[in-house]
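Heads up: the structure comes next, in structure tokens.
Values reported hereafter were calculated over all heavy atoms of this structure, with side chains retained and with hydrogens, waters and symmetry mates removed. Worth saying up front: this structure is predicted, and the values here are computed from it rather than measured. The chain is numbered in sequence order, starting from 1. In listed order, ligands and their atoms are each counted from 1.
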Amino acid sequence: MRFDLTDEQRQLKEEIRSYLDEHITAELLEELIENPDGGPLWRQYIQNLGKDGWLGIGWPVEYGGQGKTPLEQYIFLEEIERTGVNIPFITLETVGPTLMKLGTEEQKNYFLPKILKGEVEIAIGYSEPQAGTDLAALETRAVREGDSYVINGQKVFTTNAHMADYIWLAARTDADAPKHKGISIFLVPTKTPGFSVTPMDLIGERSNVSYYEDVRIPLSALVGEENKGWQYITTQLSLERLMLSTYARMERMIEETIEWASENEVDGVRVLDQHWVRDSLAELTMEMEVLKLLNYRAAWAHNNEKTAPFRPSMNKVFAAELNQKVFDTCMQIMGMFGQVAAGSEWTIANGSAQTYAQKRLVHLFGGGANDIQRDLVARFGLGLPKS
Ligand SMILES: Cc1cc2nc3c(=O)[nH]c(=O)nc-3n(C[C@H](O)[C@H](O)[C@H](O)COP(=O)(O)OP(=O)(O)OC[C@H]3O[C@@H](n4cnc5c(N)ncnc54)[C@H](O)[C@@H]3O)c2cc1C
């Protein structure tokens, strides 16, 4: 049993880190403060990542990837997370791999190379006002009419829909079937007449309500097979749960806090010499080690096709709660300075503590509420009866 990266993997990690150091410029960071959705420099950065072969490091060569394993793709994901500069994570890490497994040949050939070039962004359209945790209760309808499907309904929390090229949309195609068995997935171009969005302003970020009024799309927009959507949703969500479990941004926050605490004093005492600070940082560091092991195990298992279905839920619960703890604790250690946002002369670590403490609240719900994930671990991991 080996609990470490190989020499090649370490080297790869360093190579990715130095590439990112070079390409994430001060101008790009400034643009992201002005426009968190990303402007021209950000788009160029994503396309450069694609052109230089990084986006698909673990993807098959036939779709434009480097043909390495999911473990190398995971190393890339951690390094990107560490920078704090977003890429189209959902598209690259969840929709792409789901399409690779379950999409039609035409969809794979069209979407996968575009995803790897950073040319397409896809948002997730599952949740509805009456269908969040109970997602199978969704009411948006897709009705087949000749050579089209016509879609009507409304989704909430369609994050990034205002920037996306497509919605990965769950809609009911058989109203008479049991509720999990009448759902299909579609790739709906956001330029289609009848599609629109309005903003939902949440703590630390924007999401959207998305509307579908007689949205007419071709039959080829159906992903895989009709009424098999539940399988596609659970595949995509498992990948999303693993993607939400990364540790690198937390690790960087702990490093930045240690650096600040070793250089600053409060009431004449170096912050790092206060007992509660040392205890807190030690505890966070131990828990981070647990998360790292859980994640590397998941990436290895994915590589070996041994992912038990409860593992993504388990990792996501642990990561989402540790994430809150890391950013809250680091903000407490930094005192008032930790609450100052990026852009101010008084900010520490580019305002990371307060930004992430807010932004990452979503991890407690996104990809499925943690209460429900605990239930899945109990049932499928421990074999307990359904509650
Ligand atoms: C910032 C943000 C971004 C999001 N982005 C997207 C997106 O891009 N696309 C998308 O489709 N959705 C998105 N979502 C929606 C997200 O997936 C849902 O919020 C989540 O599934 C929970 O659904 P809900 O909000 O309707 O809460 P509810 O389902 O109403 O749950 C409320 C609470 O009740 C608990 N609960 C519900 N049912 C049970 C039960 N049977 N047993 C025990 N406890 C239960 C839940 O655990 C939770 O604590 C986003 C949400 C947020 C906050």
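Under the 3.5 Å distance criterion, with hydrogens and angles disregarded, no donor-acceptor pair is assigned to the side chains of N152 and E213. A donor-acceptor contact closer than 3.5 angstrom is absent between the side chains of Y232 and W168.
The nearest protein atom to atom 13 (C) of ligand 1, hydrogens excluded, is given as F157 O, 3.2 Å; this is a heavy-atom distance. Closest protein heavy atom to atom 4 (C) of ligand 1: T159 OG1, 3.3 Å. In terms of protein heavy-atom proximity, atom 24 (P) of ligand 1 is closest to G132 CA, 4.0 Å. For atom 1 (C) of ligand 1, the closest heavy atom belonging to the protein is V362 CG2, 3.1 Å. Among all protein heavy atoms, the one lying closest to atom 20 (C) of ligand 1 is F365 O, 3.9 Å.
Which of I372, L364, V156, D371 comes nearest to atom 45 (C) of ligand 1 through a heavy atom is settled by distance: it is I372. For the residues P129, S127, A123, the heavy atom positioned nearest atom 17 (O) of ligand 1 is part of S127. Heavy-atom proximity to atom 28 (P) of ligand 1, evaluated over T133, I90, L138, is greatest for T133.
Taking the centre of each ring, Y74 and Y296 come in below the 6.0 Å mark. A centroid separation of less than 6.0 Å is found between the aromatic rings of F111 and Y166. For F195 and Y212, the ring centers sit closer than 6.0 Å to each other.
Protein heavy atoms are absent from the space less than 4.0 angstrom from atom 35 (C) of ligand 1. The protein reaches atom 6 (C) of ligand 1 closely, with a heavy atom under 4.0 angstrom from it. Distance check for atom 32 (C) of ligand 1: every protein heavy atom is found at 4.0 Å or beyond. There is a protein heavy atom less than 4.0 angstrom from atom 9 (N) of ligand 1.
Residue-ligand proximity, A369 to ligand 1, at heavy-atom distances under 4.0 Å covers atoms 46 (C), 47 (O). Listed by number with element, the atoms of ligand 1 under 4.0 Å from a non-hydrogen atom of L202 are 1 (C), 2 (C).
The shortest N/O to N/O separation between Y126 and ligand 1 falls below 3.5 Å.
Both F89 and L237 belong to a common hydrophobic cluster when Ile, Leu, Val, Met, Phe, Trp and Tyr are linked at side-chain heavy-atom distances under 4.5 angstrom.
Residues E93 and Q73 form a side-chain contact, since some pair of their non-hydrogen atoms from C-beta on lies under 4.5 Å apart. Looking at K155 and L169, their side chains come closer than 4.5 Å, going by heavy atoms from C-beta outward. For the pair W59 and P97, the minimum side-chain heavy-atom distance is below 4.5 Å.
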What do the steps show when you test Q9 against E72 for side-chain hydrogen bond (donor to acceptor under 3.5 Å, both in side chains), and what is the final call? CA-CA 7 Å; Q9 286 161 345; E72 277 78 18; 3.3 Å; yes
